[in-house]
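Data first, discussion second: the structure below is written as structure tokens.
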There are 2 protein chains.
Amino acid sequence: MPVSELSSTAQDYLKLIWSATEWADKPITVGVMAERIGVKPSTVSDGIKRLAAQGLVTHAPYGSIELTEAGREHAVAMVRRHRLLETFLVEILGYGWDEVHDEAEVLEHAVSDLMVDRIDRLLKHPSRDPHGDPIPPAVGTPAATVGFQLDQAKPGSQVTVTRISDEDPDMLRYFTELGLAPESRLTVRERRPYADVTTVRIHGQDSDIALGTTAAAAIWVVA
Amino acid sequence: MPVSELSSTAQDYLKLIWSATEWADKPITVGVMAERIGVKPSTVSDGIKRLAAQGLVTHAPYGSIELTEAGREHAVAMVRRHRLLETFLVEILGYGWDEVHDEAEVLEHAVSDLMVDRIDRLLKHPSRDPHGDPIPPAVGTPAATVGFQLDQAKPGSQVTVTRISDEDPDMLRYFTELGLAPESRLTVRERRPYADVTTVRIHGQDSDIALGTTAAAAIWVVA
DNA sequence: CACCAATGTTAGATCACTCTAACATTTATC
DNA sequence: GATAAATGTTAGAGTGATCTAACATTGGTG
Ligand SMILES: [Mn+2]
Ligand SMILES: [Mn+2]
Ligand SMILES: [Mn+2]
Ligand SMILES: [Mn+2]
């Protein structure tokens with residue numbers, strides 16, 4: 001069954017379930033899914049039941065939600081579409097990295113496999129999207145997660161930003177102002193546990209930047 | 001109400017109703033709509049009722065189907081999207097003119113107004129799509145129809161192709177083989193009314209081409 | 001102009017998706 | 001470990017889209 005025979009709703013559910021375990025390994029819950037998608041939990045509960053009936057997830061009432069192999073394949077295909085489209089929108093149509101997520105969220109359900117291939121070719125097979133997230137290859141295993149969140153970084157260490165969560169466009173605009181993006185090199189200055197603030201210096205800049213926990217957790221780095 | 005708040009189905013219905021009067025002036029019927037969209041007449045009958053309830057068409061049972069002003073605006077916006085997307089697919093992604101219609105038929109419902117604008121800018125505000133159909137401007141009156149069907153042309157006359165119906169991909173591929181496209185200059189050689197054949201010579205070629213009524217009717221020309 | 005064929009509409013059903021409200025289960029707290 | 005809070009599920013309802021089958025209207029043909 002090709003990805004395109006699933007409803008947009010089903011495609012979004014699968015993508016979300018897969019994404020939940022990409023960076024953190026806690027299994028996703030009905031409540032979180034409802035929150036993210038913007039519907040009521042009862043709607044998700046129902047949707048999950050339909051996915052289970054189609055053999056795309058396993059789920060017993062009140063139990064955990066797991067992708068089947070078929071579900072995982074569809075999910076990865078959707079993530080690939082989403083990230084390729086984001087990259088395309090930035091590279092070819094001149095979008096800002098804060099503008100692409102919502103557009104891709106809709107387009108991902110409408111483009112054909114042919115179009116995905118053409119975009120991939122036009123972009124010369126990019127490996128990362130504008131937020132630094134790896135673009136799963138058309139065939140083969142998606143790149144594994146590397147790095148950790150900036151709020152976990154040790155004071156004094158030097159790190160490189162690998163990805164920034166594309167969840168919140170406002171936050172992305174703020175990072176743009178700061179000059180903070182994937183590939184940025186940072187020195188972690190201090191962490192005040194109870195103040196929930198991480199202070200960093202972007203290499204080449206002459207002052208420190210203070211980031212709250214939410215912002216620091218949106219930034220992934222490697223040593 | 002922006003175009004995007006209508007269902008894909010409603011958008012297709014409006015586009016189809018508008019398109020029916022673009023080249024020929026006979027009003028569209030429920031049966032023809034059902035045929036084109038690929039659903040049963042009862043489905044269309046129902047859909048039209050919903051459009052009427054939304055104030056996008058006027059229609060009394062067994063009566064004619066007419067767009068309201070609001071309906072016409074949405075329809076033209078959809079036609080613009082469709083034709084810009086077709087042009088984009090050919091110019092930027094290297095599609096053939098026979099491949100774009102179906103892709104655009106889906107994409108037209110998914111792209112944002114912003115993306116339509118960006119595509120329009122990237123393409124330098126094209127005025128015609130790959131089939132020669134005029135692209136309605138973002139604001140203002142769509143270009144009026146010009147020309148007539150090739151099966152109406154007088155033998156001996158010289159004509160220029162302005163548009164070729166994008167309905168049938170196979171026919172487009174055949175025209176490609178023949179070297180026949182918008183802008184082609186032709187001399188009409190003969191018309192055999194009862195044989196239903198129009199013979200033409202494409203300028204620069206050294207033999208005549210015989211076209212059946214269906215093919216000749218798909219080609220629009222100006223003197 | 002009566003009748004029939006073509007065309008269009010309504011009735012009744014199903015499916016996916018969504019909601020609110022009521023109910024059930026799990027988990028956290030004392 | 002009993003109770004309360006949080007979380008998840010089911011029940012019941014509505015919408016849009018689709019179908020088949022039955023019914024209605026319209027428009028030619030004899
Ligand atoms: Mn989506
Ligand atoms: Mn992204
Ligand atoms: Mn369409
Ligand atoms: Mn076209």
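Within every chain, numbering begins at 1; the chains are lettered A, B, ... in the order of the sequence lines, protein sequences first and strands thereafter. The basis for the numbers below is simple: all heavy atoms, side chains too, and nothing from hydrogens, waters or symmetry mates.
- Distances shown here put every side-chain N or O of A:His59 at or beyond 4.0 Å from the OP1 or OP2 atom of D:dG8.
- Across the protein-nucleic acid pair, B:Met33 atom CE and C:dT7 atom C1' stand 15 Å apart, rounded to whole Å.
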Set out, line by line, the N/O atom pairs under 3.5 Å between protein and nucleotides 10-16 of chain C.
unit_1, atom_1, unit_2, atom_2, d
C:dT10, OP2, B:Lys49, NZ, 2.9

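- Look at CD1 on B:Ile65: it is 12 Å from C1' on C:dT7, rounded to the nearest Å.
- A:Leu51 has its CG atom 13 Å from the P atom of D:dT9, to the nearest Å.
- No donor-acceptor pair closer than 3.5 Å links the side chain of A:Ser45 to the backbone N or O of A:Pro41.
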- Quick one: do A:Glu103 and A:Val100 satisfy side-chain contact (heavy atoms from CB on, under 4.5 Å)? Show the steps, please. CA-CA 5 Å; A:Glu103 186 88 51; A:Val100 297; 5.7 Å; no
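- The side chain of B:Tyr13 lies closest to D:dT18, out of D:dT18, D:dT25, D:dG8.
- At whole-Å resolution of the value, CG in B:Leu6 and C1' in D:dG16 are 12 Å apart.
- The backbone N or O of B:Glu86 lies less than 3.5 Å from no partner atom in the side chain of B:Tyr95, so there is not a single donor-acceptor pair.
- Rounded to whole angstrom, the span from the NZ atom of B:Lys26 across to the P atom of C:dT7 amounts to 14 Å.
- Looking at B:Arg81, its side chain does come within 3.5 Å of a backbone N or O of B:Glu108 through a donor-acceptor pair.
- Computed from coordinates, the A:Tyr62 OH to C:dC23 C1' distance equals 8 Å when rounded to whole Å.
- With hydrogens and angles disregarded, a donor-acceptor distance shorter than 3.5 Å links the side chain of B:Arg83 to the backbone of B:Pro134.
- A donor-acceptor pair is defined here as one N or O able to donate and one able to accept, closer than 3.5 Å; no such pair exists between the side chain of B:His101 and the backbone of B:Glu167.
- B:Lys40 has its NZ atom 11 Å from the C1' atom of D:dT18, to the nearest Å.
- Two residues, A:Ile37 and B:Ala60, neighbour DNA chain C, and the one matched to the more 5' nucleotide by heavy-atom proximity is B:Ala60.
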